[in-house]
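Below: the structure, in structure tokens.
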Amino acid sequence: MAVDRRKFLGTGAAAAAALQAPAVLGAGKPRVVVVGGGAGGATAARYIAKDSKGAIDVTLVEPTRTYYTCFFSNLYIGGFQELAGIAHSYGTLASQYGVNVVHDWAVGIDRDARTVSLAGGGMLPYDRLILSPGIDFVDGAVEGWDITSQNKMPHAYKAGSQSELLKAQIEAMPEGGTFAMVAPPNPYRCPPGPYERVSMVAHVLKQRNPTAKIIVADPKPKFSKMALFQEGWGSHYDGMIDWIGEEFGGGNVSVDPDAMTVTIDGEVTKVDACNVIPAMKAGRICEMAGITEGNWAPVSGHTMQSRLDENIHVLGDACAQGDMPKSGFSANSQAKVAAMAVRGALTDSKVFPAKFSNTCWSLIGTNDGVKVGATYQATDEKIAKVDGFISQTGEDAELRQATYEESIGWYAGITSDMFG
């Protein structure tokens, strides 16, 4: 049941018409199933349940009972945050908002029958489906590494036990040891994330192991907030970090998890801890549903509807939508647009033009916070950037501390917005 992407929601007028007409539904309340309980999925489930005032039956499918945010997990690695501080449960969504929370894996989608199959054997019917499964890794993206290697060379790009493992490995490094990171190619979750992580690793090593070294093998010629990070690395961790970009062989990398070696452009280095962050793609359920093109799921920015199936909306890291980065803030912003679109389609409630925003904060050292962000609007082709901002090099300590404190407030706000 494929829908030609050139015909579906090709114009803003078509999008508006699709939203003005309520869906043809079976008996009882219209049913929305949300797969994935992160910044996109949890937000969408909460807003649909809250704003429909019980008129829509909302089910959230999420395998984990405790959700650890990927954003701020670097601060846990750096010692600025406790693991419990990035852990969240779904109890409030269930008890206060009436969301039916199902802790199981979604393992199949029948788009014709409009059902979601669960690993436990259950099946959930839907009138609208929201997919917010985050990311999976591209097989073979880093030579010598696959998901079975994640205990020896953690990715820690899905927070929780991987974050704990990477932190423990960093703290166990021998005096004067070497930490290596294999950075991912574009596009990937949280563009500044790997470089904030390098900063946090350096912060730990400066305190515990000041003669240790950090090597970053990067397939990109530049990265998000590059000037800000490099200024901060020079100020806080002078001589500790060696960034090897595309020009110097950063994209020609292989690893040997058993031997604990990293080979960069033919040069083999023995390492004591290694963080491999492979190339990424949409969470596998999107591919299983047949709504991906390449590694990502294309959507209309007006409604976050799949361009291949009008009954499915895709949020956050998994979608190909245009100019927005893959971030928790982006997913949260997109979820509110999707929630409004779903309510409009299922209950004939009013739908307003889609608007989006994003900010990505990063911590470089103690009280040294920087940020980048933008506002966006939906066009018929994509979600398009309207304007943006970024911290500047040379800012004073007072401003950097205020930026860091702003990020702490944002974290409290967005997690409350997600989980209630």
For atom [atom1] of [X], is the number of surrounding heavy atoms from other residues, nucleotides or ligands below 6.0 Å larger than 12?
| X | atom1 | value |
| --- | --- | --- |
| Glu171 | CD | yes |
| Trp410 | CH2 | yes |
| Phe248 | CZ | no |
| Lys270 | NZ | yes |

Non-neighbouring partners of Asp242 that pass side-chain contact (heavy atoms from CB on, under 4.5 Å), sequence neighbours left out: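 For Asp242 the side-chain contact (heavy atoms from CB on, under 4.5 Å) partners, ignoring immediate neighbours, are Ile244.
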Residues passing the side chain to side chain donor-acceptor pair (under 3.5 Å) test with Asp146, sequence neighbours excluded, are Thr148
Which atom of Ser327 lies closest to which atom of Cys360, heavy atoms considered: CB-SG, 3.9 Å
Minimal non-hydrogen separation, Tyr68 against Ala159, with atom names: O-CB, 3.6 Å
Test the [X]-[Y] pair against the cation-pi criterion, namely NZ or CZ under 6.0 angstrom from the six-membered ring centroid and within 45° of the ring axis.
| X | Y | answer |
| --- | --- | --- |
| Lys382 | Tyr376 | no |
| Lys213 | Phe179 | no |
| Lys50 | Tyr47 | yes |

Main chain of [Y], side chain of [X]: is a donor-acceptor contact present, judged purely on distance under 3.5 Å?
| X | Y | value |
| --- | --- | --- |
| Asn275 | Leu166 | no |
| Thr261 | Pro257 | no |
| Arg111 | Asp309 | no |
| Asp218 | Ala183 | no |
| Arg46 | Met418 | no |
| Gln334 | Gly316 | yes |
| Lys206 | His236 | yes |

Flag for Glu267-Thr269: side-chain donor and acceptor within less than 3.5 Å: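 Side chains of Thr269 and Glu267: no pair found under 3.5 Å.
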Arg114 and Tyr126: side-chain donor and acceptor closer than 3.5 Å? no
Taking [X] first and then [Y], would you say they form a salt bridge - that is, a charged N and a carboxylate O separated by under 4.0 Å?
| X | Y | answer |
| --- | --- | --- |
| Asp368 | Arg400 | yes |
| Arg307 | Glu293 | no |
| Glu287 | Lys281 | yes |

Within-4.5 Å side-chain heavy-atom neighbours: Met123 and Val116: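 No. Closest side-chain heavy atoms not under 4.5 Å.
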Aromatic centroids of His88 and Phe419 separated by under 6.0 Å: yes
